[in-house]
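First up is the structure itself, then whatever we jot down about it.
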Amino acid sequence: MKYFIAANWKMNKTLAETREFLRSFVPAVQKVTDVDVVLAPPFTALEAAAEGLKGSNIQLAAQDIFWEEKGAYTGEISSVMLLDAGCKHVIIGHSERRQYFSEEDVIVNRKVKAAKKAGLGVIFCVGESLEEREAGKTFDVIKREVELGLAEVDPGNLVVAYEPIWAIGTGRTATSEQAQEVHAYIRKILGNLYGNKAEDVRILYGGSVTPDNVDSLMACRDVNGALVGGASLKPESFAKIVCFKKEN
Ligand code: PGA
């Protein structure tokens, strides 16, 4: 299965910073053919990024979407607009959206459906908090988020990202064993929903991925890529992650 590695820039980078990043990042990864390389800048930088990525092997993603196509929804951005800006994918259900913007599973599900209907690839995020992990609820949380978030959603063009909240931006990465355990569980839930097709859904790990830990994480059986925040902001470090060392 082809790896999928995406940069989630979150609320970072102006237009000038975006252009500067691309000037060194695009040539640094131009020979990469065995990884789908994806960049998710903030909305304001999408157009500039699309321009800078023209003719490259890097695909553009947005960090969020609203489920209606247009209308009186102040501050929101629709699938039509994302496609127009050159996006191929959209991140949905990131824990920061769930946490700071009260995005519940039903909202996440509406967004996933709208994105899929428009032909956008979906990077669907799930993950437990430290409190939930310590209370032994990791699997329950993951099961609920996957089943509700993906209700009535087919597996085509779908990527799932497992991002333990306690590992995001904390420098505390899940061990390969912890990641593999939850990834295998996600694969099992997807199997209940999609049968054999679950084998083709790429499951990304996210949470303090760096050039130093990427090789061992990617070596896990059910880890098919990464969603990278902090370490994706510097072209050199994100290029190193994209060019991680394959086992064979
Ligand atoms: P991080 O963020 O790599 O900075 O931990 C990952 C994410 O939130 O997608």
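Counting starts at 1 for both ligands and their atoms, following the listed order. Please read all numbers here as calculations on a predicted model, not as lab measurements. As a basis for the values below, the full set of heavy atoms in this structure was taken, side chains included, without hydrogen atoms, waters or symmetry mates.
- Within 4.0 Å of ligand 1, heavy atoms belong to protein residues Asn8, Lys10, His94, Glu163, Ala167, Ile168, Gly169, Gly207, Ser208, Leu227, Val228, Gly229, Gly230.
- Contact of the Phe66 side chain with the Ser78 side chain is not registered, since no non-hydrogen atoms from C-beta on lie closer than 4.5 Å.
- Looking at heavy atoms from C-beta onward, Gln180 lies out of side-chain contact with Thr175 at the 4.5 angstrom threshold.
- Looking only at atom types and distance, the side chain of Glu128 has a donor-acceptor partner in the side chain of Trp166 under 3.5 Å away.
- One distance of note links NE2 of His183 with CZ of Arg221; it measures 13.0 Å at 0.5 Å rounding.
- For the 3.5 Å distance criterion, the side chains of Asn192 and Lys188 fail to qualify, holding no donor opposite an acceptor.
- Few gaps surround CD on Glu68; more than 12 heavy atoms of other groups in view lie less than 6.0 Å from it.
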